[in-house]
Every structure is written in C-alpha cells, then in structure tokens.
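Below, read A as the first sequence line, B as the second, and so on, with proteins coming before strands; counting in each chain starts at 1. Everything quoted here is computed from the prediction, not taken from an experiment.
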Amino acid sequence: MNEPVLHRVGDKLPLLLQSGEHDLCPGCGEPVALRILLETIAELGMAASTVGVVGIGCYTVFSRTLDVDLVQALHGRAPSVATGVKRMLPDKTVFTLQGDGDMVNEGLQEVLHTAARGENVTCVLLNNGVFGETGGHMTATSVIGQRTKTSLEGRDADYHGYPIVIGDLIARLEGAAYVGRGSVQSAGAVARTKRMMRKAFETQRAAKGFSLVEVLTMCPTGWFVPTAEGPSYMGETLAQVHMMGELKAR
Amino acid sequence: MNEPVLHRVGDKLPLLLQSGEHDLCPGCGEPVALRILLETIAELGMAASTVGVVGIGCYTVFSRTLDVDLVQALHGRAPSVATGVKRMLPDKTVFTLQGDGDMVNEGLQEVLHTAARGENVTCVLLNNGVFGETGGHMTATSVIGQRTKTSLEGRDADYHGYPIVIGDLIARLEGAAYVGRGSVQSAGAVARTKRMMRKAFETQRAAKGFSLVEVLTMCPTGWFVPTAEGPSYMGETLAQVHMMGELKAR
Amino acid sequence: MAHGAGVSETVLVRGTVRIDTEACKGCDLCIPACPPEVLVMSTDVNQTGYRYPELLAGCTGCRACLDVCPDFCFEVFKYDRPIEVAVERR
Amino acid sequence: MAHGAGVSETVLVRGTVRIDTEACKGCDLCIPACPPEVLVMSTDVNQTGYRYPELLAGCTGCRACLDVCPDFCFEVFKYDRPIEVAVERR
Amino acid sequence: MSKRLVEGSEAIADAAIAAGCRFFAGYPMTPFTEVLENFAKKLPAVGGVCVNAESELEAVGMAWGALATGARAATGSTGQGLSLMQESFSEITLAELPLVAFNMARGQGDYFQSTRGGGHGDYRHIVLAPMDITEAVELTQLAFHLADVWRNPVLVQGDYLLAHTAEAVDVAPIDFGPVAPKDWAADGTMSGTGQSRIISPLGIGKRNTPGPGMEAHMQAVADKLARIAAGEARAETGFVDDAEHLVVAFGTPAKFVRYAVRVLRERGLRVGYVRPITLWPFPTEAVAEAATGKRSVLVFEINAGQMVDDVRLAVLGAAPVSSIGGISTDSSGFGVGALLDVEVIAGRIENAVGVAA
Amino acid sequence: MSKRLVEGSEAIADAAIAAGCRFFAGYPMTPFTEVLENFAKKLPAVGGVCVNAESELEAVGMAWGALATGARAATGSTGQGLSLMQESFSEITLAELPLVAFNMARGQGDYFQSTRGGGHGDYRHIVLAPMDITEAVELTQLAFHLADVWRNPVLVQGDYLLAHTAEAVDVAPIDFGPVAPKDWAADGTMSGTGQSRIISPLGIGKRNTPGPGMEAHMQAVADKLARIAAGEARAETGFVDDAEHLVVAFGTPAKFVRYAVRVLRERGLRVGYVRPITLWPFPTEAVAEAATGKRSVLVFEINAGQMVDDVRLAVLGAAPVSSIGGISTDSSGFGVGALLDVEVIAGRIENAVGVAA
Amino acid sequence: MKRVLPPTLSYRMGQTTEREALLTGIGGQGVQLAAEVIARAAVLEGRDVLLFGVYSGVMRGGSSDATVVVADGPVQAPPIISRAWSAIVLHPLSWEAVRARLVSDAVVVVNSSLFDDRVDADRVYEVPATRVATEKLDNPMAVSMVAVGAYVALTGLVALDSAVAAMEESLPSYRRHHAEANAAALRTGAELVDALAAPAWPTVPA
Amino acid sequence: MKRVLPPTLSYRMGQTTEREALLTGIGGQGVQLAAEVIARAAVLEGRDVLLFGVYSGVMRGGSSDATVVVADGPVQAPPIISRAWSAIVLHPLSWEAVRARLVSDAVVVVNSSLFDDRVDADRVYEVPATRVATEKLDNPMAVSMVAVGAYVALTGLVALDSAVAAMEESLPSYRRHHAEANAAALRTGAELVDALAAPAWPTVPA
Ligand SMILES: Cc1ncc(C[n+]2csc(CCOP(=O)(O)OP(=O)(O)O)c2C)c(N)n1
Ligand SMILES: Cc1ncc(C[n+]2csc(CCOP(=O)(O)OP(=O)(O)O)c2C)c(N)n1
Ligand code: SF4
Ligand code: SF4
Ligand code: SF4
Ligand code: SF4
Ligand code: SF4
Ligand code: SF4
Ligand SMILES: [Mg+2]
Ligand SMILES: [Mg+2]
C-alpha cells in the first residue's frame, strides 16, 4: 500500500491576513473573530471587491495586517464612513470592524442610524463588554455582575445602569435585514458564528439592507480572569444577556 | 331663584407659563403638548422643585415663557445635561423638552444612553416627524409615505431608509421604567396623554428610573397640510407607525 | 327652510368660554374638538388677519377647546347649575 | 497502574497539525477545544516564555484548534485515509 | 453658457457639481440648510449622491468614506455644526483626504475656528472666503482642485448673505489643470493582492507596504502644510499705492468695505484695502506689502477681533493695527446686524483715521 | 499636612476635590484615563458624583448640567475627545458657566485648540499650563476659583508626563478668597415664582425677566473676555535681566527648558526664559518685556509651531523670533518623543544662537 | 482653457453704472415676486444683477423687503444698500426705514392707494396700485405687478417686455395660470405713468 | 490663609542638591517597585521627590525603566533625565541607553549576576543580585530589593530603615505577605557593599 497523502485542511493564516503576528493579549478572542470574518470574505469570493472600515479598539492593530483595502475610522464613526464608501462603490462589499466601546458607547448613534437607514453594509461587532484598549473599563454592553476595571465588584445596575443589548435593539429596526450574534467561546461557536457571518454578507450582496454580526469575544485582561477561563467566564456573564442566535433574517 | 354662579374650570394659561404669546405657526401641536406638561407639573405639586432642560427646535421659544428654572441645552444634548442636573439635585424633578430632530436625529445616542443608565429623569418628546424649525425636513421618525420638505412625494424606504420608532426602542432598554406615547390630535388624546405624563413624573418621584413621554404633535407647516387637517393627517401617517399607548410601566 | 328664521328655541347651557380672539391664529382646531359643536369660525378677522371662533349657546364647559388650542385662547367656566338660554333657530 | 508503562497500543490517526510554537502565547484555549483531547501543554517554554501545545497521536484534522487559536499557530492536515500509529500507553 | 439668476446656496452646489463633486452629506442648520437642499436636488441628476445625514457627525463621516474611495466629496454646516466635526477635521487632514467643507457662518465669528482648526494637533485647512456669488462659483471649484492637488481639506467660508443673495452668474466648469491620479484610494481593487491599501490618519501602512510611522507622518503633513502656506496665499488689493490708510477685510464684509473705500475715495480720503481671499494660508506678504508706509491699518470683521491677529503678525509693528469691526447680528443670531452697512463702515474708517464724519 | 508621593493624575483629582469639585464626567482616553479613574475613586467619598460617561459628548453635557445647578464640576479628555466637545465649549462660554476642563494632551500640539477655541464664535477659555505636579495642584485649584470669579470655562492643560509622573506633594485646599454667590443657578427654587431662571447661551431671559438679547449678550461676554485678558495673564521668568537670548516655553516642556537654561548658564551662555503659565490670556506684556533688547527669542514647543504666533504678536518685531521645537512623539502617539531631553534642547538653543555645541 | 489664478488680484475701479431698487411692502403683496421679476428681466437683457430678499414675521403681517441692483458690469454693491437710486413702496409700514436708505433724488414709485398723505420725496411717482389691481383688474394679488409695470415704464431699468417674460419665468409651475393676469397688470401699470420720465440709463436700450 | 498669585513669578536658581537615579531591568524583575521604594523612602525623610516609570512591551519581555530624583528642595529636574548621578542596572538589555544618560562619574550599581563582562564605568559597584536572591534568599522575585539595599547603603540617598518602611507602604494589599522577605532582601543587599562608599549628600542624615 502506498503512503497516505496529506491534504491541508486549514491554513495557518486566513487568506486575507498579511501576517499572524500581533501584540494582543494571550487568550484574546478578537483574532479568532477576525479569522471568521476573513475566511468568509475569501470563501464568498469577495476578496478582490471588499473595502473594510476599522474602528478604534484593540482590534485596530489588524489595520496593518488585514490584506483588504481599508479605511481607518475614528472611534465610533465607522458606520458613517462605511456609508460613504458604499454609496460611491455600490458594487463592492463594505464592512466595518468595531468593538463594543466603539459601536455601543461612542458610536451608538452612528450604527443605529445606519441600520435604520437600511444602509447596505455589514457591521461586525467584537463585543467583549469592556474597553480593552484603555485598560478594561466597563462599556455600555458590560452585563450586570460583570467584572471590569471600573466595576471590580461586578457591574451594579443601581450604580452603573443597565447594559444595552445592541443586537436585539438593532434587530428591531426596520432597516436591519440580518442580525446574528455568535461567539468564539468554542470551536462549535466559531462554526455557528461563521454561518452567521456568511449570511450577513450574502444579505449585503443581495442588497437587502443593513446586516450586523455580533461576536462575543474573550478579554481575559479586562475581565481579570486567567486566559483558560475566558470562555467559561463569558458563558456565565456576557452570554447570559447577549444571547446567541440569529436575531433577524430577511 | 338666584343667579347661577360661574366657576372657572380652565385657566387661559397653565400655571407655569408667563405668557401665552408665541410665534409658532397656526395649528402647531407643540403648545398643546406644553400645556399638558405644565399642568401635570403643577397638579403634582412639583412647581417649586422642578428643573427643565430644553432642546433646540420650534419649542425652544418656550424657554422664554416657561416659569420653571431652565437650562437651555444644545441641539440633541438635553438628556446628558439633565443627567448632570439630576445628579446634583437628586430631590428635584428634572425633565427634558425635545423634538424628534433633537432627540432622535442629533441626540439619539444621548437619550438611549441616559435611558440605559436608568437615569431618574423624564424626557418629553414632541414628535412631529420633521425638523419644523429649519423648514420641515424629514427626520429619523418621519414615517414611510410622510410628506416633508425633503420628501415631498412621501418618505420612500428605499431612498430615505426607515423611521426609528423611538418609544418602542427605548421601552426595550432595561433602564427605562416608564414609556408612554400619546398625541394632541383631539381632546380625548390630550386627556390620555396627560395621564401618561402624570405617570412618567410619578415614576421619577418614586425613583424607579428613566421615563419617556412621547407626544405626537401636528406640524401643518412641515407636512404641507391646512391646519385643520393636521390631526387627521397625523392619524393617517405618524400615528400608524408610532402607535399610541403605554409601552412600558414598571 | 321649512321653519322660518327668527323662531326662538331654548338651549341648556352648563358653561361658557371666554375667547381671546386677538391671540387666535385661526387654525380651526377648536371647532371639531367641541363636543356640542357650539364653536363656529367668525367671518370677520382679528387684527392679525385671522378668523377666530365664536361661541353659540350650548357650551358644557368641558374644556375640550382649551385643551386643543395651540394659542391659549380659551378660559372655560361652568355654571353651578345649568341655565336655559333662548336662541334664534338656525 | 495496572498495565505497565511501555506497553504499545495502536491509535487511528486521520490528520495532523503543524504548530508554530514560537507564535504561541500559551493561552490554553486550544487544549479543551480539541475533541479527541490530543493537545497538551508543554512543560518547556518558548523564546517569549510561554508554554505551548504539543500534539499526541490521534488527531482527526478537525481544525478545532485552528479555529479557536488567537495567535494563528495551527496549520491542519488530513490524511486521505486513516493511518495507524503505535503509541506508548499513557 | 449665459448667466442665470442664482442664489448663493444654489450656485455653490452647481459649482461643486461642475467641479466633479459627486457626494454630499449634511444636516440642516441655518444658513447652511439651503446649500444642503440644493445638493440634494441636483446631485442625483448627475449620478451623484446626497445624503441627508442624521447629524453633523454622520455627515462628516460619510464624506470621509466617499473621499476614501477617490470620489470628490463635500460636507458643510454652520459654526456649531462644524464644531462637532472638529475631531474628524483634524484627523481627516492627517489622513490626507481632499475634503471640501462649506462653512455658512452666522456672522463671520468663525475665523479662528476655520484658520486655527478647532481640533487637536497641528492641522490646517485651506480656507477660501468668497466675497460674493460670482467669486463663490470660482472658489468652490478651486476648492476641489486644491483639495486634490494637496490632499488636504479646503474650507469654503460663506455666510448668511452669501447663501441668500442671488446674482446673475454663469456656472461653467473651470479647468485648473490636471491633478495626480488617486492611486491611494481604498476602492477594494487591491484587496487580496498583498498590496492592499489603507487610508489612515496614523501614518501606518500595511505589513507588506509599511507607512512612515506616526512622528514621520505628522512631520510630513506639517511640511506639506508649510509648502501650502508658502504657495497658496491669495488676496485682492485696491487703491493701495497712494493710500495713507489700509483696511483689511474678508468675505462678504469685504465687499462692503471695498464699496466703502470707493465712497471714501470719492470723498477724497486716501484709503485702500486688502482682501484676503485665502484666510489660511493668510496672505501675509500681500498684507505686509500693502501696509508698508501706511499711517494706519484697520481691520474690519464681524466678530470680536480674530483676523486682526494675523494682520498684526503680517504687519509686525510696521504700522499701527486696530479693529474697527465688531459683533453684529440680528436677534435670531443667524442674520445680519447693523454693522454690515457701507455708511456705517465708512464712518468707522473716517473715525479711526481722524476725519470728522 | 505632609507630603505624599502622588501621580499627576491623582494629584489633579485630589486638588479638584480640595477646591470643592463635586461632579466629574469623562470617557477614557490615554493619557486622560487615569484622571478619570482617580475622580471615580475619590468623588463618592466626599459625597460627589463621577459618571463614567458613554462618550465625550455625554461627558461635557453632564458637566454642563451639574454646573447649571451651581455645583463645581469638571470634565476633560485628550485632544481628540476635546475636539468633540468644541460645540459645547463654545456655547458653555456664552452660557457663562464655570466649567473646568482637563486636557491631558498627547504631546502639546493642542495650543491652538486650547487658546483659540475650536468651536465657532468668539469664546475663549482661560488656559492654565502647569509644568509639574506641584504646580498642577495649585493651578487646578486656581482653575475652579477663576472659573467662578469670571463665570468662564478654565482649561487645565497637562500632558502624558504630567499624568504619569509622581511627585511628593501636599494637596491642601488653597484659599483664593471669596467668590460671588451663584444666584444665577437653575436649581428649581425659582420655578413657579414668576421669576424663574434660565441658563442659556443665547442671552435670552424670561418674559418677566428679560435678557439682553443675542447681540448685547455676545458683546457682554466679549467685554468680559477683554477684562480677563487684561487682568489674568500669568508667567514665570528666569535669568532674564542680563540675558542676550530668550527662550519661551510652556507646560512640561518648559520644565525641560528651564533646566536647559540652567545648564547653559553654567556653560556661560547668557540665556533666560519666560514661561507662560496662562496660555490664554497670553502673558503678552511679560513676554514683550522679557524680549526687550534680546538678540533672539526662541520658542520651544512640542508641535509644528503654534504658540510662536502669540510670541510674535507680543514681541511685534522687536526681536527676531524663531521656533526651536517641533513634532515629537513615540510610535503610539501618546507618549514622549526624542525632543523632550535637556541636552537636545540645550543643543537647539546653542545652535540657534550660533554657539558650536 | 486652463485657468491660473494669480496670488494677488488688483482691483480697478470700473466704470459701471449701478441702479439700486429697494422694494418694500407687507406679506402677501408680492414684494419678493416683484423683485425677482425686475432681477430676472435684467438678466434677460444681459445685465449683471444682485437680488437680496428679506422677509420677516410674514405670519404676523410683518414687512417684506427686497433689494435689486442692476448694473452694466460686475455689481460692485454689497447686498445691503445704504444709498439706493430708487424704491418701490407698496405699503407705508417700512417706508421710513427705506427712505433713510435712498439718495436724495431717488426715484420713488409709491402705492398711493395705501398712503393717506403725499409722500415727501423729490421724485415721487404715485401709482394707485391697490386700487387699480382691485377695481380695474379685479385681481387684488396683482398690486406688485402694477407697481413694477409703472416702475419699469418710468425708468426703463428693464424693458416692459423683459419684465413680462421674467414674470413668466419667476412663477412656480403651480402658479403658471396667473401669468396672463400678471402680464395684464404689468402692462396696466406701465400705462399709469409717463414712459422714461426718470430714466435709469444714459441711453435706454430700445 | 488667602493666597494671591502674582502675575509674574521670578525664578531664582536654588541651592538644591538633586540626586538622580535611573533604574533599568526587564519585566518581572521589580524595577517599578524598586523605584517606588526609593522615592517613598525619600518622601518619608522629608525630601522632595520625582518619580517617573516607563515600561514598554512587558508582555514580550521588553525593558522596564524608571527615574527617581531626590532633592533637598523643590525638584528642578524634568521627568526625563539626560545626566543622572546614579543608576541601578538589573539587566544588560537597556544598559547602553542608560549609560548614555549618566554623568561621567556616576554611581552605578550593577546586577553582576547577569553581566558577562565587567561593566565599564568609573564608579561601578557589582552586586550579584540575582544570585543572592535565588541562592541565598531563595526568593527570585527579590532581585530588585537586593540591588536597592546595596544602592542605599552605598549612597545613603535614603536610610535603609526608610527603604524598608517605604517598601511596606508600596506593596499592594494582596502582596503584603511579601514584606518580610523583601525586608530581608533589602538588608542583605545592604550588607554586600561598603556603607557610604559613594555618598549622595554632603552630610548624610543620621
Ligand atoms: C474620541 C475618542 N475617545 C476615546 C478614545 C480612546 N479609546 C481608544 S480605544 C477605546 C476603547 C475601545 O473599546 P472597544 O471598541 O470595545 O475595543 P476593545 O479595546 O475592547 O477591543 C477608547 C475609549 C479614542 N480613541 N477616541
Ligand atoms: C448642532 C446643530 N445642528 C443643527 C441645528 C439646526 N437646527 C435647529 S432646530 C433643528 C431641528 C429641530 O427639530 P425638532 O427637534 O424635531 O423640533 P421641531 O422644530 O420639529 O419642533 C435643527 C436641525 C442646530 N441648532 N444645532
Ligand atoms: S485587552 Fe482584552 S480585547 Fe484587548 S487585546 Fe487584551 S484581551 Fe484582547
Ligand atoms: S414649523 Fe411645525 S413645529 Fe414648528 S411652529 Fe410651525 S407647525 Fe409648529
Ligand atoms: S368648553 Fe367644551 S363645550 Fe364649551 S366651547 Fe369649549 S369645547 Fe365647546
Ligand atoms: S384652536 Fe385656538 S388658535 Fe385655533 S382657531 Fe381655535 S381659538 Fe383660534
Ligand atoms: S485538528 Fe482537531 S483533532 Fe487535530 S489537534 Fe486540532 S483540534 Fe485536535
Ligand atoms: S490557542 Fe494558540 S496561542 Fe493559545 S495556547 Fe493554543 S496554540 Fe498557543
Ligand atoms: Mg470592547
Ligand atoms: Mg420635530
């Protein structure tokens, strides 16, 4: 019998990444979500016709390595920038890459208006319930009881207010055609999230309107947990409120 | 039989108005809503312990005549200003007076964050689906088919996007304790709206969290309809989407 | 008309209104708001050029007009007991 | 243990991975992600001071490890047909 | 093409479209509203897009995106709305995008905002201040040209009068010469090639095509701004040579001043004027030259005194410089106050130079 | 009280609280983040409130509301965040509210933003620029005092180094004297009396208590600003009298410059310095006086050249003014570049005055 | 052709003749239309033109004003005129304010129907515009057109035919049916005065 | 007491003595704690103090640096020092960069355990801090405390007891149990050198 043949079934780097090196923390969920995004773009054959708009957060470091034409937006402003790009390039695929601080704090208005307008772009939210980049402070998506630098004892509704469950909120807007929330908690979650990512971009390609993929990502640094406990801490906190699933599909 | 005696059952001016004169257009619904607000404050005995924060729109002219300590906010910013006031004066009643352009366009983020935070203030929205003050342009609440200066043929979803149904959106936020939507379409509607106004302020007095009273008001000028047709046009357009009723009560 | 003009009838009146006709901007909103339909727009105009409401007999003092008027034109009164008023038949 | 060490067994292997141990930041996420549990953390550290995963026999080429690794350390391969590998009994 | 009677706000939109502008986004605010309305009316007909943005922040963001694709794009507002755009203005300058922005000012109080930049950092916008619609048609087109040539934002500074006056003008495209192809645009065509592009204020490139880095990039932009300062200043002078006194003014008020100077010349007063057409770069040399040997230099602007700083910096003590303008507005705050009157201005000039009025 | 070792960001919060600040709102941004964190930690203990605002726009709005009630309140950010606040900054000045804002700048590029105001209109903020923590403790307290005295916003301008250095300081309350009672505050107590109050940038009052109207109000504020300009300028000078050359610098860089001047004096170079403590009002007289008779005036600032304008305006040609600073940052853009070094600065001074280094 | 802008423009005083007209009335009298008609007529004749309309408080019957400048070269005047050559006064409300902005020998066309006393100015032409519009033309909306007709006849600032053509251009589409009545009003107005009694130009175009 | 600020302050050169210490090492060696200990000890002794720490790329094993200035009057030095009086060098990584910022006769305490060659400087004091910490104290975390102990003994910049007290203050509550081991390390370090071999002050406080 001849030797068995090896087939590569998983590249080290997704097609659209110039390098896998980055200085995000160990156990960070953001690069995992990034792979999902890039693989989807490549698999849908959109590599050469995509423009991305990147917000400001830890993920901003990927601006240097994403092999996609990019516009670096200011903190919170990516959906409007994406609108301008899409209006001038209606045949291209346009996405944003934002964090919860970027999208739900500083830029809440931008994403809601973009969604209500039914703008035919795809926003990708990396939701870790903290401003990772500034050192792990509470954001508008941090859930009650969640530990952050500004809520070391856990977020307290009376003192800090309540989280905004952004995916659900956006799903209520008529202009939103697709909303899905996944996570990178496990390989299974990654696979499910990837299906959502694909649907979101297909929604854009079918010109059905606004799409959002929210990905819950681990931030062991901001949550003050060991990297290995990131996924389970997410499951006990963020994922209890920002519940996973397809929230809207048109 | 002696002469019948007359009792005054309705003052010309609500208690907290220094003058009824104003230069709003004939048939404008905003002064009607204002009366509801002021009568409620007076009837709840809060006259001497209330601070108002006024946004920028046609209603801003009332800054001069409202007999309430006021802070004039910038366009869109009233909820944050109200937050600052309330935090320093937790025993006072604090409200905002805003239009749809102010609250749902320029200031969407402010009101949502204030509501999510569960800030114990009452926001009063005069929703006419247009920027009245700048000449009747479409806003984020204008409904599909509604006539405005920027949508003379009626708002078209494909071209202009979809309206934001703000009361419903805010009602979804945990921090919102009371949300009601009424109108000034008729005397009956005024009475119902006034009950909502009362409940909203009672919610604040009980420190239950954020409250919103949305009042649909006629803007015959921006809608390009005769004043007498304002109420029916509202009924056929705005009120079909921004549906009246109590949306949340805690 | 079958009944000649000038025939007098009695109407029960429970209230009345005082109308600041100079403040009125002629928007017409009070007219359909009045349940007994005792408000009609004038043919004359006020100093600013607007027609304004006039009260016929039969006001109930319900304050609907006051509640819907954008220009704070109404003051509403109720009699402690209804009175009867003779009116020209319309 | 009942069975002495050094006893050899056969394991069915459908795939394998190449691990960029120098890129690894030792986050441990790949370990529980691997369905057949054939990844274990090293005792050694890499140049940056992190422990990294090592592959035992029995990989299925499912790419779960690749999918969850934040540092792009894995390359995954599948054999066109399973092979059998002899391993020391653990 | 023959002349048409056109309002300023319409002429601006027409001129922008003639210059190739294909994207506009704005949020209504008096007296900018009509500029927005005209773009909304006219852009679709030429295959362009005008978005009635939900606020000024959205508007400038959208323009940013459109510019990044290589399109000619613009936004605008009135003082307050532009204040909200300052973060973007600063960073879009560092991103070297050719934004054109229309500031339809309430009064002309916004000289500092326009020329010093309200945002953080060292950025500057080229600021063009037309005095009337005829000039606005030209300068609007020039704005798009300069923006592309320099890859730097250009602000066109108008006001209530410019927006609401009509003039007979001919809005024909002006050829200012070629500009470099926009091979920097992020239009998706380089995605996946290993040479993909990034438009960023941070001076970064990609792993495969690295940028200069933060400090070097900021320095490069500063150097570029210095070149603009050296080469793009524009001004108009009149009656300067034999003048004893000089008046400096810009924008619509300058048209009043010029007329007042004519009137005063007829009355025998030896007065001249210089009118900065670019507020940044400020025409330092033209002002300095015109001021040489004058007995007084008077600055007329409708604000508490802002451009007067730049005039002093130009004159540098060679002649006494004083302000003869001031705050002037109607009660709405949008409109025109009592100072915008040729006789009032002539009176102030006479007063300042010691002629009994 | 004895001295403690305190980081700048903590010292600022401590000093603000010692001055009676009871409200703070902010949004994290390096290097301002730690200032916010310290307020969040410390305000509750004194019965105050710190809100982790959802963005800079919310933060400044909240501060506005708190101020309107008569409380001492503050906000702050870093260049970009402050850019977003410019609309509010302009209008809050017209509303005559005593805001204190902390600008923890990245570099010191924001001189124009701070002193010219990025917003529309004619407003100015008093800008205090401490060179170290000891001075920050004093100037932070002074900021609240001046804000109340003038009913005008005061900006405290720090930077990365100020926030992240620790010094042994004693944060004791400083008594700057009484301020007028805040009988203008909108605290609800006048509601329903017929004499209710309004805090508005528009110069309006109420029907029963009318305001001056837009133009008169703007003029009144401009007049007030002129009085501030005339009375509140502060500076420090050193080694000026016998100096042949003068260096001007502010903030942390000025501490480097002062040290460099000492070093150069030891090397025999006759150089002095002047350090504006208030950036607005700019200490024009102090600079002009110090510059008198000097062979050169050198301006060192960590930006492409901003304060140099004000120095030129002060010196007005009496001595040649040149820039010896420049853009200088680490790769993150937040931190400290190579120019902040005593030897580098000393070398630039020597170079500029023609001494072989 | 490629345009190169010189860094410093030198302004030279032109030989242009400029004719300013201030129009004043109250809301509803058609002042803005009147100004537009004059301005457009001048454009049709190849003149340079400036038009600035201000109307305040229309709702409350406030005054409505407009400024037109017609010139035989680039207009030098700014949009607000301190010394105007002429005026069309449809209502007394703002007459005093307008008078203050006229040159001493200004041409003033006055709607005499609404003035009790004679208007005191050097070159006043009384035109009973309201009466003519109401009584003769049975068209109360045409007051301003009557006055404009008279004004252009008197001054020849623009030709009457140009005014008629301009009026048609100026009407929004939903008011096109007023064109005929307006034309009649213009012509009627013209007949109320002596042609070219106060000529605007040295030589009036044929 | 009411404070009145004069508009123009006049700076007079003081007679202060300032002693600068640059500390350098790599992440995990405790450089920041070491700097804080010296700074706090000086504060305890009533000195004026400046402390500035920079640490970059700690995750990737980058260098960790800090600057301390101790003075007998208001500190004149800015937070970044070009000419320092002394250095504590725990690791060779950034030694060259530090050396460039020292005065020619600077006092340099070197963790000789990690240097292969002798450090070339005028007043070098070799302290085998890593070896002592690991072998003698069985406390590899204590490297920096050993070095600080040696440094303060050598220089008397602060008294050893002050350093011990300052160390206790500097530990976060969840690390208080390290206090004793750290104190031992400080004292051990002090014993490795000759007391006051390189005095910081003209007269060292008792
Ligand atoms: C206007 C503005 N405000 C604040 C900041 C500072 N800032 C940079 S990143 C960031 C938080 C990012 O949070 P998120 O988007 O959730 O991303 P993460 O860091 O969690 O990945 C903040 C507040 C900024 N860059 N711009
Ligand atoms: C920052 C800013 N942008 C724009 C404006 C101009 N503006 C004034 S009022 C207004 C619209 C108000 O609309 P709304 O709140 O719905 O009130 P309405 O006029 O309908 O009563 C706008 C856009 C402004 N004042 N400030
Ligand atoms: S701080 Fe959180 S989000 Fe940022 S890189 Fe670290 S783990 Fe990831
Ligand atoms: S424009 Fe509309 S909202 Fe404004 S006063 Fe007129 S009717 Fe009311
Ligand atoms: S009070 Fe009632 S019944 Fe009387 S006029 Fe008013 S609406 Fe009619
Ligand atoms: S509702 Fe008021 S304003 Fe309108 S017509 Fe009646 S009285 Fe007049
Ligand atoms: S490919 Fe699958 S089986 Fe193989 S090591 Fe990775 S996770 Fe385990
Ligand atoms: S998931 Fe990646 S980085 Fe984490 S331990 Fe495994 S190989 Fe290393
Ligand atoms: Mg986040
Ligand atoms: Mg509205």
Engineer: Side chain, backbone, both or neither: which part of C:C34 has a heavy atom under 4.5 Å from chain B?
Structural biologist: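 No part of it gets close to chain B.
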
Engineer: Counting only non-hydrogen atoms closer than 4.5 Å, does B:V5 touch chain C with its backbone (N, CA, C, O), its side chain (CB onward), both, or neither?
Structural biologist: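 Both parts, backbone and side chain.
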
Engineer: Do you know which of B:V32, B:V184, B:I36 has the most heavy-atom pairs under 4.5 Å to chain C?
Structural biologist: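 The option with the most such pairs is B:V32.
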
Engineer: I'd like to know if the side chain of B:S19 pairs up with that of B:E21 as donor and acceptor (distance under 3.5 Å, no hydrogens or angles considered).
Structural biologist: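 No, because no side-chain N or O of B:S19 sits under 3.5 Å from a partner of the opposite role on B:E21.
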
Engineer: Among side-chain atoms of B:T237 and B:Q146, is any donor-acceptor pair under 3.5 angstrom?
Structural biologist: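 No, no side-chain donor-acceptor pair sits under 3.5 Å.
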
Engineer: Do NZ/NE/NH1/NH2 and the carboxylate oxygens of B:K12 and C:D20 come within less than 4.0 Å?
Structural biologist: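 A salt bridge links B:K12 with C:D20.
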
Engineer: Heavy-atom pairs under 4.5 Å with chain C are the metric here; pick the option from B:D11, B:L6, B:V190 that has the most.
Structural biologist: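 Option with the greatest count: B:L6.
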
Engineer: Taking side chain as everything from C-beta outward and backbone as N, CA, C, O, which of these in B:E39 sits under 4.5 Å from a heavy atom of chain C? Side chain, backbone, both or neither.
Structural biologist: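 Only the side chain of B:E39 comes within 4.5 Å of chain C.
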
Engineer: List in chain and number order the residues that pass ring pair (Phe, Tyr, Trp, His ring centres under 6.0 Å) with B:F62, two or more places apart in sequence or in another chain; answer none if no residue qualifies.
Structural biologist: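 Here the qualifying residues are B:H22.
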
Engineer: Heavy-atom cut-off 4.5 Å, strictly under: side chain, backbone, both or neither for B:P14 against chain C?
Structural biologist: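 The side chain, not the backbone.
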
Engineer: Give a yes or no answer on whether the side chain of C:S42 reaches the backbone of C:Y52 with a donor-acceptor pair at less than 3.5 Å.
Structural biologist: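 Looks like yes, one N/O pair under 3.5 Å.
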
Engineer: Check whether C:I83 gets within reach of chain B through its side chain, its backbone, both or neither, counting any heavy atom under 4.5 Å.
Structural biologist: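 Side chain only.
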
Engineer: Side chain, backbone, both or neither: which part of C:Y79 has a non-hydrogen atom closer than 4.5 Å to chain B?
Structural biologist: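 Both parts, backbone and side chain.
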
Engineer: Going by an N to O cut-off under 4.0 Å, is there a salt bridge joining B:E246 and B:R181?
Structural biologist: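 No.
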
Engineer: I'd like to know if B:R147 and B:E153 make a salt bridge, using a cut-off of under 4.0 Å between side-chain N and carboxylate O.
Structural biologist: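 So B:R147 does not pair with B:E153 through a salt bridge.
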
Engineer: Given that the side chain runs from C-beta out, which part of B:L17 has a heavy atom under 4.5 Å from chain C: side chain, backbone, both or neither?
Structural biologist: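 Looking at B:L17, just its side chain touches chain C.
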
